[in-house]
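Data block below; observations after.
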Amino acid sequence: MMLEYSISKLLAGIDFSELKMTWLRPISPCLWEDASIIVLLGFLGISLLDSVLCKCRKKFVVVEKYAVGTKVGISYIFSIICTTILLCTHLIMLLMLRKRNGAHCQFNFPVISSEILQMASWAASFLVLYRTLNRKYIKFPWILRIWWISIFFLSLARVILDSHFVITSDEHLGLADYVDILGLIASACLLCISIKGKTGIIFDISDHTTEPLLNGKKEKHSEAKRDNPYGKASLLQQITFSWLNPLFEVGVKKPIDQDEVPDVDFRDSAKFLSDSFDESLKYVKEMDGTTNPSIYKALYIFARKKAAINALFAVISAGSAYVGPYLIDDFVNFLNEKKLRGLRSGYFLALTFLGAKMVETIAQRQWIFGARQLGLRLRAALISHIYQKGLLLSSQSRQSYTSGEIMNYMSVDVQRITDFIWYLNTIWMLPVQISLAIYILHMNLGMGALVALGATVIVMTGNIPLVSTQKGYQTKIMESKDERMKSTSEILRNMKTIKLQAWDSYYLQKLEILRKVERNWLWKSLRLSALTSFIFWGSPAFISVATFSGCVMMGIPLTAGRVLSALATFRMLQDPIFNLPDLLSVMAQGKVSADRIASYLQQDEIQPDAVEFVPKVETQFGVEIKSGTFSWDTESRIPTLDGIELQAKRGMKVAICGTVGSGKSSLLSCVLGEMSKLSGIVKISGEVAYVPQSPWILSGNIKENVLFGKPYESVKYDRTVDACSLKKDFELFPAGDLTEIGERGINMSGGQKQRIQLARAVYQDADIYLLDDPFSAVDAHTGTHLFQECLMRILKGKTILYVTHQVEFLPAADLILVMRNGRIAQAGTFEELLKQNIGFEVLVGAHNQALESILTVESSSRVSEHAVTDGEIDTDSNIDAEFPHTKQDSEHNLCIQITEKDGRLVQDEEREKGSIGKEVYISYLTTVKGGAFVPIILLAQSSFQVLQIASNYWMAWSCPTGHAAPIEEKMNFILFVYVLLAVGSSLCVLVRSSFVVITGLRTAEKLFRNMLHSILHAPMSFFDSTPTGRILNRVSTDQSVLDLEMANKLGWCAFSIIQLIGTIAVMSQAAWEVFVIFIPVTAVCIWYQQYYIPTARELARLSGVQRAPILHHFGESLAGAATIRAFNQKDRFAHTNLCFIDDHSRPWFHNVSAMEWLSFRLNQLSNFVFAFSLVLLVTLPEGIINPSIAGLAVTYGINLNILQASVIWNICNAENKMISVERILQYSNLASEAPLVIENSRPSSTWPETGTISFQTLQIRYAEHLPSVLKNITCTLPGGKKVGVVGRTGSGKSSLIQALFRIVEPQEGSISIDDIDICKIGLHDLRSRLSIIPQDPTMFEGTVRGNLDPLAQHSDTEIWEALDKCQLGDIICRKPEKLESTVVENGENWSVGQRQLFCLGRALLKKSSILVLDEATASVDAATDAVLQKIISQEFRNRTVVTIAHRIHTVMDSDLILVLNEGRIAEYDTPAKLLEREDSFFSKLIKEYSMRSKSCNSLAILQT
């Protein structure tokens, strides 16, 4: 107690007003003059040295003789004007040397020296400016820019000293003071010009072009087709953002379209940024001498200049924000002593308040805009590099990452790094904010400031463990989101298989489980964020209670002015307190994301030296491999290919054959350099074209896919189209070759996709062709045509390596390679290999047996058959005359749908136009409990506001004004009431933040569940016409907005309105007259909002829409990276990616700029309302208003500009974010398939027993306005029989199968299985009882077991039995993990043939009564095919088997043949009866196949 008493007594003896004065009093009265003399001498000395040493600069451009004039920019003009003003001000100051106030130095020598040096310096500035124009600098010299920045801070210090002297000494403003203010304004202009740096000088060239000189280069943005107002904006336009006015003029009249959005500046273009980041990486490489440069150093080099400018604005903004709290005590004292000090002093105080707020507003808007712009630049640079890396990843690296994971790097991780850039300025602002706050508190409360500092440190350090925990949660959220997105992407990609196999419910449940894991981490994170919010809102109350309690204990008098100044300071401290944990959290997230991206960017790339390119003149070989050893997995002891020796002379045709998994495709990959080369030499001479086994088709029209970047040449194009049998397809397509192809060629049949990519290769006119089984997906006639026209005619003289399972194409080869277990087992011509008798004859024998079975049936069915000689039958005219092409029947017959959409299946992404409907808001707010929590949240926030105002009002009203000493007992009671009110307000915040978190997450979860169910139950046509990128955008980016942002954004709308009402209520208590200006200003603010919203809303929508193409294009490029590299098209695809980035950057950049445009105007309007209220308080006669209440009004009014702007800002921001809700609701109400299960109409567990399928007058059409694709199909497929379905492309085969699985619902008629109408039972009951082996084999990431039996319904024994039957048992057995062997994304680590065998294994396990084979063995060799056909016959002996085949021998042992033509049944009978008639369609198909097979040897003649 004694110690407390002693301290109190000691502190009571301190004159705090005197202490306050000494803080601002300089150590020496001439300190300012001394400092300025040092700066001036430095400037003059460096200028002199610079002029002597640097006669010419690197950054100036020599203008040629034909330059006829020079135009100066506004920056240069302003620099001349400001320099003139400053020269005149110092001349005036020199003339009125003896008329200065007490704040100036009273010694003549330093003052005269300073002023003379100032005039000399400004004269030198004129000379430098003249030289800048004369020497045509495009940027002001660095010495001049540093001088202008220095002079601004000197002028600012001078004005602050003058202002403090005038306020504290009760003196009037003199001429010298006005001159100083004028000098500050001029120096502030020069500061802005120095930051911008450009002179704006433009040169008129004699060819009538006018271009700014850009670092001596004629920079042009390659895509510059639109205006770029930002790049041309003057300094004033950049400060006020008025360069956006033309865009607003368009946007307010009509919804803005993408083409109407101006271009970004060339420094913000993806090309410029990508190159700049490249240079940064190279610089770091050279500096560190490493091959893997640090991404952190590269980012620093890339962003440092812009970040430094942003930091300067941020520090100015932070500093000027504390002028208000600093002056409040002076203002209250002025109101108490108004008669003594006069009105002029009050008006000067008001002007100071206004000036500080204006500087704060301008600086704040500039640093926020700068941070957004830097974020855009970083995003563009990183996305372009992630894309470029994706095109170069080695096969082993590629298997380490799924497409979904890499896309997450591109969207989520890049976003987190750009978020850190936003918070980066907090690093510079924090020390400034805390230092100024403690300084102001020390001036008002003396040692009480130390208590405030201690409380602040406690709050901030208390947040750090929360941040650490939050970091852990964020990492878990990212991991769980990655898993969910990976599965979602895979499910969407394989939706057809999932529906056909009736796995909808299983995969829906899988996604819900993954979402549940993500939701649990989200709940933990959001719960913690609610606690953080409580600390944020409660921290001013806690710090103020601690500080005031400390002051009372130490006996420091608490007057109204000091208390109000302290309260305003505590509210300002909210930002640094809250920003520190946020900064640490964002830093943690940013580091995790940067590490992930760095790890990805440092992955191994395709070996650049794997293939040696040799000029044609130096070698006779097109392809040469010596002692080659290659592996897909470099860590594996067993190489994939070993001992490869190959020499293919230029013009040779090399056929590659072998059993499934023998290494045929790998051999082509090693020639392309796709495999890791362990040893040996690979040489290539000439350009390469590649046709992969799995067709890779780009979204876009057919013509673009064929040209593939080459210029259009009509003769070559027509010849290519004819050779690839595409002409007739074009005639049937609604828009010919301009018909749009769906994602992954979804609306094209397998044969069409194969022919399109073959046409792409042929059109390239390359030297070397690598064709990986190009004939497997086409029928016999088309295959013959492709071989004769493409390989033997158009590509005659080219070096061709082609993989094939069709033996009939082998005799024409100059060299045949037989692959076995990764080695070339045999090599030679067809005749040579047959003579060797060591394996090749097995493949040929299987083919001959298949051919023999056809010929046997054919000969036994005909009494007389004429011999068919080579060339006797014109297959084109003969077959097509009887069997014409019909409307295109692809996998889903979607080309018909696009007739009325100008050949476009995939339409531009839909976006709503106009304002977001109130039903969207209502849907969001009432999703949980009908919106019951909303009133509770509003009540809690209102209670907080009332209690907070009450606590501050209590302190202002109860504390004495002026210098009266308060009674200690009274202060204890005052403090007790204040504590109660502060604690009550903090508890209200806790209630509010908890309810916001609970309601927001529940709403997000419910909307996600609705969207997920809607998408997975949508019909197949939805997935055919909707790129997965659009769906992924909604389930990732838009869902993240709902999970983490939406509830807070809407909450902030309400909270800011409540705060604004509270502030106006307090201000009106002091001076109700403020409503005179507040009401019209509010009306202007609302008008601005109404003017801003239409443009901003459409920009936000466009930004959302333009994000999907980046991800979609990236996904396509990853899938076809091998093809892109083979065709040497990396640069073209990278350029396309840059264009997509720019297309997204344009609306995004202008949207954030529009936000700043609005914020700037609202801030300035609020500043004038605040200034008006101050003038009122100064003008009102003494006694009308209590000075304490007036001070409280000023305390609240300081934040009026922020509050008033935040109301509009939060409403606009919430509407922009509400677009995500709108987009999710769009996909929550999709048209649905029929129910999966109809409880009162479920078939028995043994259905179907016999498997009889009956079609009755079946008609199928894909839309009401489209013609039928199946017409009056009436037939019965007997149970237990094998039925082959044949017909030309477009005859209706696929439509028939789709109708059977109800992928498409019958328009008329019915389909019955065992007398049960399939349309009357649930889809799951139907599809789960049928089996299908599709043409395109599908495998899911996971294990072998998971792919064969995803529902875990079978034992290991059954799985092994199925594997043995489908010829995979031995392969799996050899793998160490057996059934747990890894399957990577899309099954890429298994050959296409092996994938088809896995699909067969699924069917064998399912043991359905009905099996559909859709060309199921197209990618396997003849020997394996024969074994599989035998197994299918045995395993499905008493079951119904429906086979669609291009290879006729696969349906020859069928009991019945169904021939379709133009959607009708052309023939339906046993094979024998159909062959009895020579004019039957089936007879002609058999004749064609046998003719092709008999004449295969003669194809070799075509080479000669």
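The analysis underlying the following values was restricted to heavy atoms, covering all of them including side chains, and did not include hydrogens, waters or symmetry mates.
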### Query
When rounded to the nearest 0.5 angstrom, what is the spacing between CE in M652 and CD in Q620?
10.5 Å

### Task
Determine whether Q764 and Q1129 make a side-chain contact, defined as any pair of heavy atoms from C-beta on separated by less than 4.5 Å.
yes

### Query
Hey, is the main chain of C1373 close enough, under 3.5 Å, to the side chain of W1360 for a donor-acceptor pair?
no

#### Entry: Backbone N/O of V803 and side chain of D772: donor-acceptor pair under 3.5 Å
no

### Query
Under the side chain to side chain contact (heavy atoms under 4.5 Å, CB included) criterion, do E687 and D765 qualify, and how do the steps go?
CA-CA 9 Å; E687 292 182 5; D765 195 22; over 6 Å; no

### Query
Would you find a donor on one side and an acceptor on the other, under 3.5 Å apart, between the side chain of R650 and the backbone of T619?
yes

## Note on the structure
Distance col, row S694:OG vs Q757:CD, nearest 0.5 angstrom, shows 8.5 Å

### Query
At what distance, to the nearest 0.5 angstrom, does OG1 of T1338 lie from CG of L500?
9.0 Å

### Message
Are the side chains of L786 and C724 in contact, using a 4.5 Å heavy-atom criterion?
### Response
yes

### Query
Please walk me through it: do R1402 and N1347 pass side chain to side chain contact (heavy atoms under 4.5 Å, CB included)?
CA-CA 8 Å; R1402 286 179 195 151; N1347 269 276; 3.4 Å; yes

### Summary
Between F1127 and the options Y763, W696, F708, the ring-ring contact (aromatic ring centres under 6.0 Å, His included) test singles out F708

### Task
Measure across T799 and G651 and return the closest heavy-atom pair with its distance rounded to 0.1 Å.
OG1-N, 3.1 Å

### Message
Whether the S394 and D604 side chains hold a donor-acceptor pair (N or O, under 3.5 Å, no angle test) is what I'd like checked.
### Response
no

### Within 6.0 angstrom of K649 NZ, more than 12 heavy atoms from elsewhere
no

#### Entry: Shortest non-hydrogen separation from A766 to V688 and the atoms involved
CB-C, 3.9 Å

### Query
Do L1413 and F1436 come close enough that some side-chain heavy atom pair is under 4.5 Å?
no

### Message
Assess the residue pair T1343 and L1379 against the criterion (side chain to side chain contact (heavy atoms under 4.5 Å, CB included)); give the C-alpha distance rounded to whole Å, side-chain angles, the decisive distance to 0.1 Å, and a yes or no.
### Response
CA-CA 7 Å; T1343 63; L1379 292 178; over 6 Å; no

### Message
Main chain of V682, side chain of E612: is a donor-acceptor contact present, judged purely on distance under 3.5 Å?
### Response
no

### Task
Check for a donor-acceptor pair, side chain of E490 on one end and backbone N or O of E1341 on the other, with a separation under 3.5 Å.
yes

### Task
Might you confirm whether atom CG of D609 has over 12 heavy atoms from other residues, nucleotides or ligands at distances under 6.0 Å?
yes

### Summary
Note: I768 and G622 closest approach over all heavy atoms is CD1-O, 3.2 Å

### Task
Could you check R1345 against D1356 for salt bridge (Lys or Arg N to Asp or Glu O under 4.0 Å), going step by step and ending with a plain yes or no?
CA-CA 9 Å; R1345 183 200 302 277; D1356 282 9; 2.3 Å; yes

#### Entry: S725 versus H785, closest heavy-atom pair with distance
OG-CD2, 2.7 Å

### Task
Could you check K677 against I625 for side chain to side chain contact (heavy atoms under 4.5 Å, CB included), going step by step and ending with a plain yes or no?
CA-CA 11 Å; K677 184 176 70 174; I625 304 176; over 6 Å; no

### Query
Under a 4.5 Å cut-off applied to non-hydrogen side-chain atoms, are L392 and I606 in contact?
no

### Query
When you check the gap from the basic side-chain N to the acidic O, do K1375 and E1380 get nearer than 4.0 Å?
no

### Message
Using a 3.5 Å distance criterion without hydrogens, assess whether the side chain of S669 forms a donor-acceptor pair with backbone atoms of E674.
### Response
no

### Task
Mind running salt bridge (Lys or Arg N to Asp or Glu O under 4.0 Å) on D814 and K653 for me, showing each step along the way?
CA-CA 5 Å; D814 301 309; K653 290 176 176 52; 5.6 Å; no

### Task
Taking S685 for its side chain and V614 for its backbone only, find out whether a donor-acceptor pair lies under 3.5 Å.
yes

### Message
How close do Y802 and A813 get, counting heavy atoms only, and between which atoms?
### Response
OH-CB, 3.5 Å

### Task
Give, for atom CE of M1339 and atom CG of N494, the distance between the pair rounded to the nearest 0.5 Å.
11.0 Å

### Message
Donor-acceptor check, side chain of Y769 to backbone of A761, threshold 3.5 angstrom: yes or no?
### Response
yes

#### Entry: Electrostatic pair D767:K616 at N-O distance under 4.0 angstrom
yes

### Query
Would a 4.5 Å heavy-atom cut-off, applied to side chains only, mark R1125 and L672 as touching?
no

### Message
Tell me whether S662 contacts the main-chain N or O of N821 through its side chain, where contact means a donor paired with an acceptor under 3.5 Å.
### Response
no

### Query
Should L1368 and L1400 count as side-chain neighbours, where that means a heavy-atom distance under 4.5 Å?
no

### Task
State, with a plain yes or no, whether a side-chain heavy atom of F830 is found less than 4.5 Å away from one of I816.
yes

### Task
Heavy atoms only: give me the nearest G663-L641 pair and the separation to one decimal.
O-CD2, 3.8 Å

### Query
Is the shortest heavy-atom distance from the side chain of I824 to the side chain of E645 under 4.5 Å?
no

### Query
CG/L795 to CG/L758 distance, rounded to the nearest 0.5 angstrom?
7.5 Å

### Query
From L771 CG over to T804 OG1, what is the distance, rounded to the nearest 0.5 angstrom?
10.0 Å

### Task
Scan S676, C670, S679 and name whichever one has a side chain to side chain contact (heavy atoms under 4.5 Å, CB included) with F630.
C670

### N/O donor-acceptor pair under 3.5 Å between K1406 side chain and L1411 backbone
no

